[in-house]
There are 2 protein chains.
Amino acid sequence: MKGSRLTIVDAARRHIYHNGYGSTSYADIAHETGLGKGNIQYHFKAKEDLLHAAVDQQIQDIREQLESWSLDCGTAYDCIERFIAMVEKNAKNLSLHGCPMGSLNSELGKHERRLQDHARAMFDLYLRWLEARFRSFLPRKQAQARAEQLMVMAQGASVLAHAYEESQIVRRQAKIMRQWLHDVCDQS
Amino acid sequence: MKGSRLTIVDAARRHIYHNGYGSTSYADIAHETGLGKGNIQYHFKAKEDLLHAAVDQQIQDIREQLESWSLDCGTAYDCIERFIAMVEKNAKNLSLHGCPMGSLNSELGKHERRLQDHARAMFDLYLRWLEARFRSFLPRKQAQARAEQLMVMAQGASVLAHAYEESQIVRRQAKIMRQWLHDVCDQS
DNA sequence: GATAATTTTGTACGATTGTACTATTATTTT
DNA sequence: AAAATAATAGTACAATCGTACAAAATTATC
């Protein structure tokens with residue numbers, strides 16, 4: 001039996017991803033987990049705590065994911081391609097609910113800047129990891145720029161796919177990202 | 001003296017852009033316009049009507065903007081560059097509040113799909129206009145793809161710039177877009 | 001100028017929200 | 001087993017929300 005706290009955080013992550021932070025209430029989480037509302041308050045006194053816990057766990061997941069990629073993949077090129085493959089694999093969810101990082105940051109950036117500071121850390125993880133891979137065959141300044149550019153493409157694809165509820169947009173952009181990555185490597 | 005209705009829609013547009021649709025209340029608009037709360041309800045019976053009116057006016061603005069660009073610019077290349085110039089010019093606002101189209105679509109896509117249908121029309125305007133320009137020197141299928149790609153870059157830049165509250169991200173990406181546009185033209 | 005229509009305002013209401021609090025049950029510690 | 005701590009549930013409360021409605025003020029129409 002999984003601990004209540006973890007059950008709550010899992011439900012919170014899913015609900016925040018699907019409905020947004022502002023549209024996630026204690027009642028929602030209580031209903032979704034089958035637990036009492038007071039119980040959830042016991043584990044997370046304020047609503048902000050719930051978000052912090054959800055983001056923390058997602059950060060943890062991202063860390064493990066990136067570590068596993070670093071180990072699995074031979075070349076830096078393969079590593080970066082693995083990132084693109086992840087985007088493509090998640091095309092359906094991205095078109096249905098947007099990017100978990102991007103949409104949360106967009107929402108929090110509007111009127112919860114303090115909370116956004118935490119959510120932004122997810123971007124940092126991917127960006128620094130990508131930059132490190134690009135540095136295998138590019139100088140620091142260029143590696144930084146390429147990492148940013150790749151993340152821009154991934155986020156833009158998510159926004160458009162979500163707006164049109166059309167996963168094909170993500171797949172088309174993934175193809176473009178691969179071609180772009182190939183060209184970037186060629187030039188170096 | 002500007003009509004009350006227009007005053008309300010203007011305030012609604014600004015407030016929705018800055019705070020999001022979910023965090024925009026009748027009380028907010030009343031306070032911002034100095035009008036009574038009941039008055040706003042008189043002009044817009046339901047909150048959805050307020051959003052529809054705000055989106056309608058924004059669509060109108062976009063239409064006029066695109067028409068003016070079509071007239072001003074000589075070549076299709078110049079037209080597309082004008083689009084990039086607009087993104088760059090709005091870098092500060094994009095970093096502070098995100099893209100008015102993108103962030104609204106992201107929010108509505110989460111749990112107001114019916115309203116998103118309307119908001120998506122803003123994307124359609126830009127995409128179809130861009131596609132038409134690209135068709136000056138590209139076949140239909142490729143023109144469609146290029147328009148989508150450019151919009152992806154613009155939206156991605158907005159998301160990242162908003163997440164980091166860093167307008168330089170938009171400016172860097174605008175530079176990349178210009179280079180990209182140049183290359184696309186060269187290849188044709 | 002009287003009458004009708006429109007515009008504006010203020011308030012009231014039911015629903016939902018985050019939070020606080022108490023009581024009850026389960027688990028651990030001694 | 002007894003005591004203490006942690007966990008769970010239910011309820012209460014003030015605040016805010018969208019909406020409904022009635023009265024007052026303004027403008028238009030004849």
Side-chain angles (χ1 to χ4, degrees), chain A residues 1-57 104 107-108 110-119, chain B residues 1-57 104 107-108 110-119:
Chain A
M1 183 55 181
K2 183 168 53 175
S4 283
R5 196 193 148 89
L6 203 55
T7 304
I8 295 170
V9 176
D10 280 347
R13 278 182 67 179
R14 187 173 45 249
H15 203 278
I16 290 173
Y17 176 37
H18 289 176
N19 302 90
Y21 173 65
S23 297
T24 297
S25 69
Y26 280 98
D28 290 329
I29 308 297
H31 188 267
E32 212 159 291
T33 56
L35 299 173
K37 182 181 160 186
N39 192 6
I40 299 175
Q41 267 253 275
Y42 169 74
H43 286 284
F44 303 95
K45 185 162 50 67
K47 196 184 168 187
E48 298 191 357
D49 300 335
L50 202 52
L51 178 73
H52 281 304
V55 171
D56 273 336
Q57 190 180 293
L104 183 58
E107 180 186 2
L108 299 180
K110 293 256 181 222
H111 43 123
E112 309 257 25
R113 280 243 120 97
R114 211 178 59 267
L115 299 180
Q116 198 206 16
D117 286 344
H118 192 195
Chain B
M1 184 55 179
K2 183 168 53 174
S4 283
R5 196 192 148 90
L6 201 56
T7 304
I8 294 169
V9 175
D10 280 348
R13 278 182 69 178
R14 188 175 44 248
H15 203 278
I16 289 173
Y17 176 37
H18 289 177
N19 302 88
Y21 173 65
S23 297
T24 297
S25 69
Y26 281 97
D28 290 328
I29 308 296
H31 188 267
E32 211 159 291
T33 57
L35 299 173
K37 181 182 161 187
N39 193 4
I40 300 174
Q41 266 251 230
Y42 169 75
H43 287 282
F44 304 95
K45 186 161 50 66
K47 197 185 168 186
E48 299 192 358
D49 300 334
L50 202 53
L51 179 73
H52 282 303
V55 171
D56 274 336
Q57 190 180 294
L104 183 59
E107 180 186 1
L108 299 180
K110 291 257 181 223
H111 43 125
E112 311 257 26
R113 280 242 120 95
R114 211 179 57 267
L115 299 181
Q116 198 206 16
D117 286 344
H118 192 194

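Below, all heavy atoms of this structure are taken into account, side chains as well, without hydrogens, waters or symmetry copies. This structure is a prediction, so every number in the text was calculated from the model and none was measured. So that the names make sense, note that chain A is the first sequence line, chain B the second, and so on, each numbered from 1.
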Quiz item: How far does NE2 of H52(B) sit from CG of L115(B), to the nearest 0.5 angstrom?
Solution: 5.0 Å
Quiz prompt | Counterpart residues, side-chain hydrogen bond (donor to acceptor under 3.5 Å, both in side chains), relative to D10(A) (two or more places apart) | solution = K2(A), Q57(A)
Practice problem: Kindly write out the residues that satisfy side-chain contact (heavy atoms from CB on, under 4.5 Å) with R113(A), not counting sequence neighbours, or none if the list is empty. | Solution: Q116(A), H162(B), E165(B)
Self-check item: Stepwise side-chain contact (heavy atoms from CB on, under 4.5 Å) check, V9(B) with D56(B)
Solution: CA-CA 10 Å; V9(B) 175; D56(B) 274 336; over 6 Å; no
Quiz prompt | Nucleotide range of DNA chain D lying under 4.0 Å from chain B heavy atoms | solution = dC17(D) to dA20(D)
Quiz item: Which part of the nucleic acid does L35(B) contact within heavy-atom distance under 4.0 Å: base, sugar-phosphate only, or nothing?
Solution: sugar-phosphate
Self-check item: Side-chain ion pair, E107(A) and K110(B), N-O less than 4.0 Å
Solution: no
Quiz item: Atom NZ of K47(A) and atom C1' of dT19(C): how far apart are they, to the nearest Å?
Solution: 12 Å
Exercise. With sequence neighbours excluded, give me every side-chain hydrogen bond (donor to acceptor under 3.5 Å, both in side chains) pair touching residues 16-25 of chain B.
Key: H111(A)-S23(B), H15(B)-T24(B), S25(B)-D28(B)
Practice problem: Please answer whether the main-chain N or O of G38(A) pairs with a side-chain N or O of Y26(A) as donor and acceptor at a distance below 3.5 Å. | Solution: no
Self-check item: Sub-4.0 Å heavy-atom contacts from residues 9-24 of chain A onto DNA chain C, ordered by number
Solution: T24(A)
Quiz item: What residues, two or more places apart in sequence or in another chain, satisfy salt bridge (charged side-chain N to carboxylate O under 4.0 Å, His left out) together with D117(B)?
Solution: R120(B)
Quiz item: Who are the ring pair (Phe, Tyr, Trp, His ring centres under 6.0 Å) partners of H43(A), not counting sequence neighbours?
Solution: none
Quiz item: Mind checking what makes side-chain contact (heavy atoms from CB on, under 4.5 Å) contact with A54(A), not counting sequence neighbours?
Solution: R13(A), I16(A)
Check: residues 29-37 of chain A side-chain donor-acceptor pairs under 3.5 Å, at least two apart:
| from | atom 1 | to | atom 2 | distance (Å) |
| --- | --- | --- | --- | --- |
| T33(A) | OG1 | I29(A) | O | 2.7 |
| T33(A) | OG1 | A30(A) | O | 3.3 |
| T33(A) | OG1 | L35(A) | N | 3.3 |

Between protein and nucleotides 4-7 of chain C, what N or O pairs are separated by less than 3.5 Å?
| from | atom 1 | to | atom 2 | distance (Å) |
| --- | --- | --- | --- | --- |
| dT7(C) | OP2 | Y42(B) | OH | 2.5 |

Exercise. Map Q41(A) and G36(B) onto DNA chain C by nearest heavy atom, then report which one ends up closer to the 5' terminus.
Key: G36(B)
Contacts under 3.5 Å, N or O only, protein and nucleotides 13-16 of chain C:
none

Exercise. Kindly write out the residues that satisfy salt bridge (charged side-chain N to carboxylate O under 4.0 Å, His left out) with R5(A), not counting sequence neighbours, or none if the list is empty.
Key: none
Quiz item: Can you name the closest pair of heavy atoms from N39(B) and S4(B) and give their distance?
Solution: ND2-OG, 4.5 Å
